[in-house]
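Letters A, B, ... are given to chains in the order of the sequence lines, protein chains preceding strands, and every chain is numbered from 1.
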Amino acid sequence: MPDWWGVWTDQDYYVLGAILMLVLCSLLTRCGYALLGDYLPLSDTVRRALRYAPAAALVAIIVPEVLPWAVGGWPRVDLRFFALLVGALVFLRWRSTVALILSGMVTYWGLMFLVR
Amino acid sequence: MVPRVSWQWPSAVLRRGFAAGARDALPGFVAGGIWGFVTGIAMVKSGLSENMAVLMTLTVYAGSAQLTSLPLIQAGAPLWLILAAGCIVNMRFIIFGAAMHPYLRHFNWKRRLMLGFVTSDISFVLFMTRYGKRPQPARDSQLGYFLGIVVPGWFNWNLASICGIYLGAMVPDSWSLEFAAILALSAIVLPLLRERPMLISAASAGIVAWMAQGLPLRLGLLVAVVVGILVGMVAERQLSARRGRRS
C-alpha cells in the first residue's frame, strides 16, 4: 500500500485487522482492570498462574524462529540460534539490552558472512 | 460512593510530582527509546508498509505484543490467534492493573481508561516502588508522578518507533534487521527466568513450541503457553513442598 488513498489489497486489510486486534488487546489488558476492577476479584491461584504466561508465550515465539522445523523436513538449527546464544550470554554478563541486540546482530552478520 | 477528586491542572504539587516521575524514569526512557526504535525497524522489515507501521505504533502502544504479532502476521495466522497471543504477552498488564487499581479507582471512567492505556512496565515498577507501601493515597502528587512517567514515555516511544520505521525502510533487507526484534524479545524473557519454577515453565514451553511448530495456524504457541503455565504451577508446588520438608 503506497498511501492511504491507493488501492488496498487483501494483505492490507489483513494487516489492518491485525492492528485492530492488537488495539483491542491493549484495551482489554491495560484498561480492563482500571475500568472494571471493582467487579473483578482475581483469586490468588489465577494470579499465580498468570505470572507464567508471558514468559511461556515469548519463549514459544522465539524458539520456532531460531530452531525452525518445516513440515516434512528435518529440524534445523538456524544461524540465528547461535547469534541468540551469544547475545544471551552477553546479556547475562552485562545486563544490557543494547549489548544483547548489538552482539546478537554482529554475531549473526559474522556467521552469515562465513557461511556464504 | 467514591468521591471524585478535582484538581486544577498546573497545581504545584502535581508539577513537583511530574518532575520527580520524569526524573526517576529517565534511564527507562533511554531503554524505551531503543526498544521503540527496534520495534519500528522490525515492523517494516517484516513486511508492514510504513503507514501501517506508524498506525500500529500510535494505536497499539505495546512493544512486546507488537513484536510477538510480527511473525504471526508474516505467517498469515488467523486474526483471533493474533489477538490471543497479544493478550497472553500483555497479561502482565492485568496484574499491573489489579495492583494499581486502588490508586486509580476514584477517577471517572474516561480518566481511568486513559491512565490505564498509557501504563507501561516502567511506570508500574517505579510507581509501586514509591507508593506501594503507603496505605493512604496522596492523590495529587501520585497522579503527577504517574503522569511524569507515562506522558514523556508515550512521546519517547512513539518518536523512537517512527524513526525506526523510516530508517528501517531505507536499510536493505540483507541486513536482516528484523532479527533485532527476536533479540529484543529475549531481553524481556531472560530477566524473568531468575526463579526456578519460571525457568522450568519457560523451558517446557520452549520444548513444546519446538515440537508443535508444525501445527496449523501457529497453534503450537497456545499449546506451549498452556503447558508452560501448568508445568510452572506444578514446579512451584513441588519446590515449595521440598523446601518445607527440609526446614
Can you tell me how far [atom2] of [Y] sits from [atom1] of [X], rounded to the nearest 0.5 angstrom?
X: B/Leu48; Y: A/Gln11; atom1: CG; atom2: CD; answer: 8.5 Å
X: A/Trp109; Y: B/Trp175; atom1: CH2; atom2: CH2; answer: 6.5 Å
X: B/Ile94; Y: A/Leu28; atom1: CD1; atom2: CG; answer: 8.0 Å
X: A/Ile101; Y: B/Leu185; atom1: CD1; atom2: CG; answer: 9.5 Å
X: A/Leu67; Y: B/Ile207; atom1: CG; atom2: CD1; answer: 11.0 Å
X: A/Ile61; Y: B/Leu72; atom1: CD1; atom2: CG; answer: 4.5 Å

Let me know if [X] has heavy atoms under 4.5 Å from chain A in its side chain, its backbone, both or neither.
X: B/Ile73; answer: both
X: B/Met100; answer: neither
X: B/Ser186; answer: both
X: B/Phe96; answer: neither
X: B/Val38; answer: side chain
X: B/Ala85; answer: neither

Taking all non-hydrogen atoms of both residues into account, name the closest pair between [X] and [Y] and its distance.
X: A/Ala56; Y: B/Ala224; answer: CB-O, 4.4 Å
X: B/Cys87; Y: A/Cys25; answer: N-SG, 3.4 Å
X: A/Ala55; Y: B/Val189; answer: O-CG1, 4.5 Å
X: A/Leu22; Y: B/Gly86; answer: CD2-CA, 4.5 Å
X: B/Leu221; Y: A/Ala57; answer: CD1-O, 3.7 Å
X: A/Ala34; Y: B/His101; answer: O-CD2, 4.2 Å

Legend entry - When B/Ala180, B/Ala65, B/Ser176 are compared by non-hydrogen pairs under 4.5 Å with chain A, the top option: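 Sorted descending by pairs with chain A, the first entry is B/Ser176.
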Inset, instruction - Evaluate the side-chain contact (heavy atoms from CB on, under 4.5 Å) criterion for residues A/Thr97 and B/Ile34: first the C-alpha distance (whole Å), next the side-chain angles of each, then the deciding distance (0.1 Å), finally the verdict. - result: CA-CA 9 Å; A/Thr97 304; B/Ile34 293 164; 5.8 Å; no
Check residues 77-89 of chain A and write down every donor-acceptor pair under 3.5 Å in which the side-chain atom is one partner and the other belongs to a residue at least two apart or another chain.
unit_1, atom_1, unit_2, atom_2, d
A/Asp78, OD1, A/Arg80, N, 2.9
A/Arg80, NH2, A/Glu65, O, 3.1
A/Arg80, NH2, A/Glu65, OE1, 3.3

Inset, instruction - If the plane angle is over 60° it's perpendicular, under 30° parallel, otherwise tilted; pick one for B/Trp210 and A/Trp69. - result: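 B/Trp210 and A/Trp69: tilted rings.
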Counting C-beta onward and ignoring hydrogens, is there a side-chain heavy-atom pair between [X] and [Y] closer than 4.5 Å?
X: A/Thr45; Y: B/Met233; result: yes
X: A/Leu16; Y: B/Met52; result: yes
X: A/Phe91; Y: B/Leu183; result: no

Inset, instruction - With a 4.5 angstrom heavy-atom cut-off, could you sort out which part of A/Val23 is near chain B: side chain, backbone, both or neither? - result: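 Contact with chain B involves both backbone and side-chain atoms of A/Val23.
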Inset, instruction - Apply side-chain contact (heavy atoms from CB on, under 4.5 Å) to B/Ser69 and A/Met21, showing your working. - result: CA-CA 10 Å; B/Ser69 75; A/Met21 287 297 133; over 6 Å; no
Inset, instruction - State which residue, out of B/Leu83, B/Leu79, B/Val60, fulfils the side chain to side chain contact (heavy atoms under 4.5 Å, CB included) condition with A/Leu24. - result: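 The residue from B/Leu83, B/Leu79, B/Val60 that satisfies side chain to side chain contact (heavy atoms under 4.5 Å, CB included) with A/Leu24 turns out to be B/Leu83.
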Inset, instruction - Using atom types as modelled and distance alone, determine if a side-chain donor or acceptor of A/Arg30 lies under 3.5 Å from a backbone N or O of B/Phe93. - result: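 Checked: no pair found.
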Would you be so kind as to tabulate the donor-acceptor pairs closer than 3.5 Å made by side chains of residues 190-206 of chain B, with sequence neighbours excluded?
unit_1, atom_1, unit_2, atom_2, d
B/Glu195, OE1, A/Arg51, NH2, 2.9
B/Glu195, OE2, A/Arg51, NH2, 3.3
B/Ser201, OG, B/Gly228, O, 2.8
B/Ser204, OG, B/Ile200, O, 3.1
B/Ser204, OG, B/Ser201, O, 2.8

